Student: 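Attaching a single structure in structure tokens format; questions to follow.
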Amino acid sequence: MHNSEWKEQVKKKAAEADMLLIGIGPELSLKKHSREELLAAYHEISKLAAGKPWFAITLNTDDVIYESELNRMFIVAPCGSDASGNVITNENYDESEYLPQWEFYRNYLSATIGKKLCILEFGVGMEYPSVVRMPFERLVQWNQKAELVRVHKKLAFVPPEAEERSLCIAEDAQQFLTQE
């Protein structure tokens, strides 16, 4: 399939869902792309989320997501923030900074039970699999109305239990979102 055909499938899944859950990983970060490229990708994500209840969890600490048009009230960054200097790789990382937003995220997750949920995962690898990747897979297994879209250049796969309701796209997340 061509990128445009994959994108149409993703748009359709997002449009048909009651709610969206969005995961952002290091493949969609300043480590791999320029600020302008990331803002263009986030713009495309905001178009997918338009008019839907959504929540995003980012593993990135570069804070570029907060420069995008996505509403920061619906974003949690459990790995910290470069701007504050409090990142998960620091010896004295302080989790308390993200915990109030994490509670909001957990409340959002509980509201997805029994709803048609579209889980969009962009560039999430194996850096912290217990934060995004594995919980998203479990959501697909537990919520029979959930579907997962996983976009990653090298790690676009799911466990067999989630294959039936997953779409895995082996492309760079930023390029997938912004190129026709």
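If you're wondering where the values come from, they're calculated on a predicted model, not measured in any experiment.
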Student: Between Tyr105 (side chain) and Pro100 (backbone), is there a donor-acceptor pair under 3.5 Å?
Tutor: no

Student: Evaluate the side-chain proximity of Pro53 to Lys115: yes if any heavy-atom separation is below 4.5 Å, no if none is.
Tutor: no

Student: Are Phe55 and Trp142 grouped together when hydrophobic residues (ILVMFWY) are joined by side-chain heavy atoms under 4.5 angstrom apart?
Tutor: no

Student: Would you call Glu103 and Asn107 a side-chain contact if the rule is heavy atoms closer than 4.5 Å?
Tutor: yes

Student: Kindly give the heavy-atom pair with the smallest separation between Ala173 and Gly123, and that separation in Å.
Tutor: CB-N, 3.6 Å

Student: Tell me, please, which residues at least two apart from Lys153 pass salt bridge (charged side-chain N to carboxylate O under 4.0 Å, His left out).
Tutor: none

Student: What's the shortest heavy-atom distance between Cys168 and Val158, and which atoms?
Tutor: SG-CG1, 3.8 Å

Student: Could you report the tightest heavy-atom contact between Trp102 and Pro78, atom names first, then the distance?
Tutor: CZ3-CG, 3.8 Å

Student: Answer yes or no: is there a side-chain heavy-atom contact under 4.5 Å between Phe74 and Phe104?
Tutor: yes

Student: Do the side chains of Val140 and Leu155 join up, straight or via other hydrophobic residues, at under 4.5 Å, putting them in one cluster?
Tutor: no

Student: Quick one: are Ile22 and Phe136 in side-chain contact, heavy atoms under 4.5 Å?
Tutor: no

Student: Check this for me, if you would: do Glu147 and Arg165 make a salt bridge, where the nitrogen-to-carboxylate-oxygen distance has to be below 4.0 angstrom?
Tutor: no

Student: Do the side chain of Glu69 and the main chain of His43 share a donor and acceptor less than 3.5 angstrom apart?
Tutor: no

Student: Should Ile113 and Ile119 be counted in the same cluster of Ile, Leu, Val, Met, Phe, Trp and Tyr side chains packed under 4.5 Å apart?
Tutor: no

Student: So Ile45 and Ile24, side-chain contact (heavy atoms from CB on, under 4.5 Å) or not? Walk me through it.
Tutor: CA-CA 10 Å; Ile45 291 171; Ile24 308 291; 3.6 Å; yes

Student: What pairs of residues pass the side chain to side chain donor-acceptor pair (under 3.5 Å) test when at least one of them lies in residues 47-63, not counting sequence neighbours?
Tutor: Glu44-Lys47, Thr61-Asp82, Asp63-Ser81

Student: Mind checking whether Leu139 and Leu109 have side chains closer than 4.5 Å, heavy atoms only?
Tutor: yes

Student: Does the Lys145 side chain pair with the main chain of Gly114, one donor and one acceptor, at a distance under 3.5 Å?
Tutor: yes

Student: Do you know the tightest heavy-atom contact between Ser130 and Pro135?
Tutor: O-CG, 3.3 Å

Student: What do you reckon, is CZ of Arg138 surrounded by more than 12 foreign heavy atoms closer than 6.0 Å?
Tutor: yes

Student: Output, in order, the C-alpha distance, side-chain angles, deciding distance and verdict of side-chain contact (heavy atoms from CB on, under 4.5 Å) for Val131 and Val124.
Tutor: CA-CA 10 Å; Val131 178; Val124 177; over 6 Å; no

Student: Between atom CD of Gln9 and atom OG of Ser4, what is the distance when rounded to the nearest 0.5 Å?
Tutor: 11.0 Å

Student: Should side-chain heavy atoms under 4.5 Å link Ile, Leu, Val, Met, Phe, Trp and Tyr, which residues sit in the same cluster as Val87?
Tutor: none

Student: For the pair Lys12 and Glu16, find out whether any cationic side-chain nitrogen is under 4.0 Å from an anionic carboxylate oxygen.
Tutor: yes

Student: Check whether any side-chain N or O of Gln174 sits under 3.5 Å from a backbone N or O of Glu37 as a donor-acceptor pair, and report yes or no.
Tutor: yes

Student: Do Tyr66 and Val64 sit in the same hydrophobic cluster, where Ile, Leu, Val, Met, Phe, Trp and Tyr count as joined when their side-chain heavy atoms come under 4.5 Å apart?
Tutor: yes

Student: Quick one: CG on Leu48 to NZ on Lys13, what's the gap to the nearest 0.5 Å?
Tutor: 13.0 Å

Student: Any side-chain donor-acceptor pair under 3.5 Å between Asp172 and His152?
Tutor: no

Student: Let me know which of Glu137, Glu163, Glu171 forms a salt bridge (Lys or Arg N to Asp or Glu O under 4.0 Å) with Arg150.
Tutor: Glu137

Student: Let's go through Trp6 and Val151 carefully: what are the C-alpha distance in whole Å and the side-chain angles of both, what is the deciding distance for side-chain contact (heavy atoms from CB on, under 4.5 Å) to 0.1 Å, and is it a yes or a no?
Tutor: CA-CA 10 Å; Trp6 285 120; Val151 182; over 6 Å; no

Student: Between Asp94 and Ser96, is there a donor-acceptor pair closer than 3.5 Å when you use the side chain of the first and the backbone of the second?
Tutor: yes

Student: Looking at Phe176 and Lys7, what are the two nearest heavy atoms and their distance?
Tutor: O-CD, 3.2 Å

Student: How far does CD of Glu121 sit from CD1 of Ile169, to the nearest 0.5 angstrom?
Tutor: 11.5 Å

Student: When you check the side-chain N and O atoms of Ser84 and Asn86, is any donor under 3.5 Å from an acceptor?
Tutor: no

Student: Determine whether more than 12 heavy atoms belonging to other residues, nucleotides or ligands lie under 6.0 Å from atom CD of Gln144.
Tutor: yes

Student: Is the shortest side-chain N to carboxylate O distance from Glu27 to Lys32 below 4.0 Å?
Tutor: no

Student: Within 45 degrees of the axis of the six-membered ring of Phe157 and under 6.0 Å from its centre: does Arg133 put its NZ or CZ there?
Tutor: yes

Student: Are Tyr93 and Leu59 in one and the same hydrophobic cluster, where Ile, Leu, Val, Met, Phe, Trp and Tyr link if side-chain heavy atoms are under 4.5 Å apart?
Tutor: yes

Student: Would you compute the distance between atom OH of Tyr42 and atom CZ of Arg35 and round it to the nearest 0.5 angstrom?
Tutor: 10.5 Å

Student: Roughly how far, to the nearest 0.5 Å, is CG of Leu148 from SG of Cys118?
Tutor: 8.5 Å

